[in-house]
Amino acid sequence: MFENYRKFETEFAGRPLVVETGKTTQLANGACFVHYGETVVHVAATASAKPREGVDFFPLSVDFEEKQYALGKIPGAYGKREGRPSEKAILVSRVIDRPIRPLFPKDMRNDVSIVCTVMAYDPDCLPEIAAMVGTSIALSISDIPWNGPISAVSVGLVDGEFIINPTKEQREVSQMAVTVASTDSRIAMIEAGANIVPDDVMYSGIMAGHEANQKIIEFIKGIQAEIGKAKFEYPSNEPDHEMFEAIKEFSIEDIKVALDTDDKKIRDERLKPIYDSVHEKFDEIYPDQEAKIDECLYKTQKFVVRRWLLDEQKRVDGRKMDEMRPLASEVGILPRVHGSGLFTRGQTQVLTITTLGSISDKQMLDGIDDQTSKRYIHHYNFPSYSVGETKPSRGPGRREIGHGALAERALVPVIPSEEEFPYTIRLVSEILSSNGSTSQGSICGSTLSLMDAGVPIKAPVAGISCGLITEGERWMTMVDIQGLEDFFGDMDFKVAGTHEGITAIQMDLKISGLTPDMVKEALYKTHKARDYILDEVMLKAIPEPRKEISKYAPKMLSTTIPVDKIREVIGSGGKVIQKICAECDVKIDIEEDGHVFVSGLDIDNCNRAMTIVDTIVKDPEPGTIFKGRVTRLMDFGAFVEIAPGKEGLCHISQLDVKRTDKVTDVVNVDDVIIVKVLDIDDKGRLNLSRREALIEVEGLTPENELPARRPSGPRNGGFRGGRRNNHND
């Protein structure tokens, strides 16, 4: 029945890699099941029969779909279906897209769709790696024009050794997580997060991943040779050469004048009349080809910019190849927010705001991996006004999610631990103006904002991008690329890090890949640039985190209690913890491991709530002073609750520094008073003294030097009470 069924097997980083084709998904252009360990990913590649009308780009879509059944879970949503893609799924889709897109024909306009569905999940074998390999196989064996294959690996660093496709246990202790995609000759994509790893170590890790990819590329080539289809023909969208040369000759000098400025707005205004004059002349010569005329103008601009860079080492704004645009940093921009930082690089400007919250404010995650929450959150907003356009806001797209995740990854290594700084931290980067590398600007603005908020980060982080222009064997790099150089160039190599090392990398390419020398030079130039940004700009605005957090931020205290005492702190139906929160005007979060976090705007209230929690979980010691609430009155004294479930007797002789004849002369029910624990009897009953607490805390002098004895007499309500002894009168 399945005469086209094929099964291919190899070993990948010490685990079996099995590829099955021909049994299912017969109507797709190319499809396969990839089994890596016990992870199973189904990949299907399809293409439209005809090009999409009216587009000036290659319409490729990549979707990485996480299914909860892959790890034996039922979705938690009301409809019990998977909802919108998780941020992790969106980020993986972008990672798959980046290395495969440059390998499609640039003049093709047929829609191509890649769908990667995770059907079984083995934590030791990352599904994103299986999906990237599966995408390469599906495209290679299909009839879709594509100049692959590629392979991808994850590289970890454990105990100084590089690990290819680390297991879950190894990933938990790894100093870096680097995804490297390669062709058979070049590095096609790098996505990295690292714990301040030196540049030379990062470079060696990238090369280790590139080398590991070569075995899988040969494996895929073998599959393609056996069952690959012939690639289909498509109508090219490339403008006629004669048309291009005519338009270039007519407009090139005007375009050179228009592009020769460091102001994006001026450049756009200069280009408008050029477009008008070109269309006025050539619309009649080439009727119904307005889109291709615009394509010729685009190619002419690209020709000018690339010739300036390659032949004259000239940038459109007059900078040298290793020179950055004017930089500026400010902090404390906004009142009342917990922290804010404004970072400006040329016409790129980012304002980042820090908000501190309680631990319960952490974000809950519902993906297929093991991460269920995170307490550091970074959001990135890119409004249309930042590029001078008028578009309605439709919420964050894949680009915004990707840039926010990159900035988040860059700063995670320097965020203090929950024990050091028991807060949930949310950063929001608002892009006020965009002309290149807003993601890296958001990293710089975020460092400023965090320090302004008093977050004790381990080291400041800066980000910068490096561009590339290639022509045959010729190539050159330039630092701090602006929008035009990104648009017409071949690479956007983004690197973030501290003085000591790298925390994040993201590499976007428009060509098939980079040589090792290109990677090495990009790492060198970006390190030099970020050192300059840190020393000359950012640290001059704020040299270190503020010593205190904003008065508008919640004050936070934390402690750890025995797990078996959690029930006592919460109380039946939450009564105890709700009472503490109401009385102290605080918020209390208790985690399953016994960590307790108390937050509130008043630090005294936080301390009081923490004292109450401590009192509940352990017996108070004699000599300890507490604030307590009077719960009931007797002739012989007052009962005072120092914590829910912890009550003691303050005898009438211990109510005040002066002689007391009547309890109500000193206290009433619901009064809050300070008391000192005198002793605890063998049954755990507390004997309290307001008199001794006043003497110790407020320095009052007793009017009658009465000995602080336990009164004798019958027991009342579980405590000693009754008449005062005559010899004390």
Side-chain angles (χ1 to χ4, degrees), residues 71-74 76 123 167-173 356-377 412 415-426 456 554-600 602-629 641-648 677 680-686:
L71 64 160
K73 285 176 59 179
I74 295 175
T167 63
K168 176 188 174 183
E169 183 179 354
Q170 291 169 329
R171 293 196 302 272
E172 289 173 351
V173 297
L356 305 177
S358 65
I359 292 299
S360 64
D361 290 326
K362 67 176 63 172
Q363 182 180 4
M364 306 310 295
L365 305 175
D366 192 26
I368 64 171
D369 59 13
D370 298 314
Q371 187 180 7
T372 58
S373 66
K374 61 180 180 180
R375 57 178 277 268
Y376 167 56
I377 308 157
V412 162
I415 296 295
S417 68
E418 191 173 283
E419 289 72 26
E420 296 171 299
F421 193 71
Y423 286 87
T424 293
I425 306 167
R426 181 185 184 232
K555 309 306 180 288
M556 195 79 66
L557 299 174
S558 65
T559 188
T560 302
I561 65 174
V563 174
D564 59 357
K565 294 287 186 177
I566 294 177
R567 183 187 298 249
E568 294 181 30
V569 176
I570 295 175
S572 177
K575 289 182 179 179
V576 172
I577 196 170
Q578 290 172 12
K579 185 177 181 182
I580 301 172
C581 292
E583 287 187 1
C584 300
D585 192 22
V586 297
K587 184 177 181 180
I588 301 177
D589 300 309
I590 303 179
E591 298 188 340
E592 292 181 356
D593 61 358
H595 275 88
V596 179
F597 301 93
V598 178
S599 61
D602 188 317
I603 190 63
D604 290 336
N605 286 344
C606 294
N607 281 318
R608 182 183 169 206
M610 188 63 77
T611 300
I612 293 173
V613 171
D614 288 339
T615 304
I616 292 173
V617 299
K618 58 185 179 183
D619 290 329
E621 297 180 357
T624 310
I625 294 177
F626 295 94
K627 276 187 179 180
R629 185 178 65 88
E641 183 184 60
I642 61 173
K646 299 278 186 179
E647 191 178 64
V677 179
I680 305 170
D681 68 15
D682 54 2
K683 293 184 179 181
R685 294 175 296 198
L686 305 178

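Note that the structure is predicted; figures quoted are calculated from it, not measured.
Residues satisfying the ring pair (Phe, Tyr, Trp, His ring centres under 6.0 Å) test with Tyr376, not counting sequence neighbours, are none. Residues passing the salt bridge (Lys or Arg N to Asp or Glu O under 4.0 Å) test with Lys618, sequence neighbours excluded: none. Remark: Glu592 pairs with no residue by the side chain to side chain contact (heavy atoms under 4.5 Å, CB included) rule, at least two apart or across chains. Judged as a side chain to side chain donor-acceptor pair (under 3.5 Å), and not counting sequence neighbours, Arg375 has no contacts. Judged as a side chain to side chain contact (heavy atoms under 4.5 Å, CB included), and not counting sequence neighbours, the contacts of Asp564 are Pro562. Considering only residues two or more places apart in sequence or on other chains, Pro422 meets the side chain to side chain contact (heavy atoms under 4.5 Å, CB included) condition with Met556, Ser558, Phe597. Qualifying side chain to side chain donor-acceptor pair (under 3.5 Å) partners for Glu591, counting only residues two or more places apart in sequence or in other chains: Lys362. Taking the side chain to side chain donor-acceptor pair (under 3.5 Å) definition, one finds that Lys168 meets it with Asp370, sequence neighbours left out. With sequence neighbours excluded, the residues satisfying salt bridge (Lys or Arg N to Asp or Glu O under 4.0 Å) with Glu583 are Arg608, Arg629. Take Lys587 and apply the side chain to side chain donor-acceptor pair (under 3.5 Å) test, not counting sequence neighbours, and it matches Ser358, Ser360. Lys73 meets the side chain to side chain contact (heavy atoms under 4.5 Å, CB included) test with Gln68, Leu71, Asp366; sequence neighbours excluded.
Put simply, the side chain of Val586 does not reach to within 4.5 Å of the side chain of Asp602, judged on heavy atoms. Residues Leu356 and Thr424 form no side-chain contact, since every pair of their non-hydrogen atoms from C-beta on lies 4.5 Å or further apart. Ile561 places a side-chain heavy atom less than 4.5 Å from the side chain of Val613. Under the 4.5 Å side-chain criterion, counting only non-hydrogen atoms from C-beta, Ser599 is not in contact with Tyr423.
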Does the side-chain contact (heavy atoms from CB on, under 4.5 Å) test come out yes or no for Asp614 and Thr559, once each step is laid out? CA-CA 9 Å; Asp614 288 339; Thr559 188; 4.2 Å; yes

Under the criterion side-chain contact (heavy atoms from CB on, under 4.5 Å), I'd like the reasoning laid out for Ser373 against Leu365: C-alpha separation, chi angles, the key distance, then a yes or no. CA-CA 5 Å; Ser373 66; Leu365 305 175; 5.5 Å; no

side-chain contact (heavy atoms from CB on, under 4.5 Å) between Ile377 and Ile425, worked out: CA-CA 6 Å; Ile377 308 157; Ile425 306 167; over 6 Å; no

Please step through side-chain contact (heavy atoms from CB on, under 4.5 Å) for the pair Val617 and Ile566, ending with a clear verdict. CA-CA 8 Å; Val617 299; Ile566 294 177; over 6 Å; no

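Residues Glu621 and Thr624 have side chains that never bring a donor and an acceptor to within less than 3.5 angstrom of each other.
Around the CD atom of Glu419, the shell of radius 6.0 Å holds more than 12 heavy atoms that belong to other residues, nucleotides or ligands. Counted within 6.0 Å of CD on Glu169, heavy atoms from surrounding residues, nucleotides or ligands total 12 or fewer; the atom is thus considered open.
Atom NZ of Lys646 is separated from atom OG1 of Thr615 by 8.0 Å, given to the nearest 0.5 angstrom. Between atom CD1 of residue Ile642 and atom CG of residue Leu686 there is a gap of 5.5 Å, rounded to the nearest 0.5 Å. Taking CD1 of Ile580 as the reference point, atom CD1 of Ile612 lies at 5.5 Å (rounded to 0.5 Å).
Of the possible donor and acceptor atoms, one in the side chain of Asn607 sits under 3.5 Å from a partner among the backbone N and O of Ile603. The closest donor-acceptor contact from the side chain of Asn605 to the backbone of Cys584 lies under 3.5 Å.
Checked for salt-bridge contact, Lys579 and Glu641 meet the test: a charged N lies under 4.0 Å from a carboxylate O.
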Result block: side-chain N/O donor-acceptor pairs under 3.5 angstrom for residues 567-576, not counting sequence neighbours:
unit_1: Glu568; atom_1: OE2; unit_2: Lys565; atom_2: NZ; d: 3.4

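The two residues Ile616 and Ala643 make their nearest non-hydrogen contact at CG1-CB, 3.9 Å.
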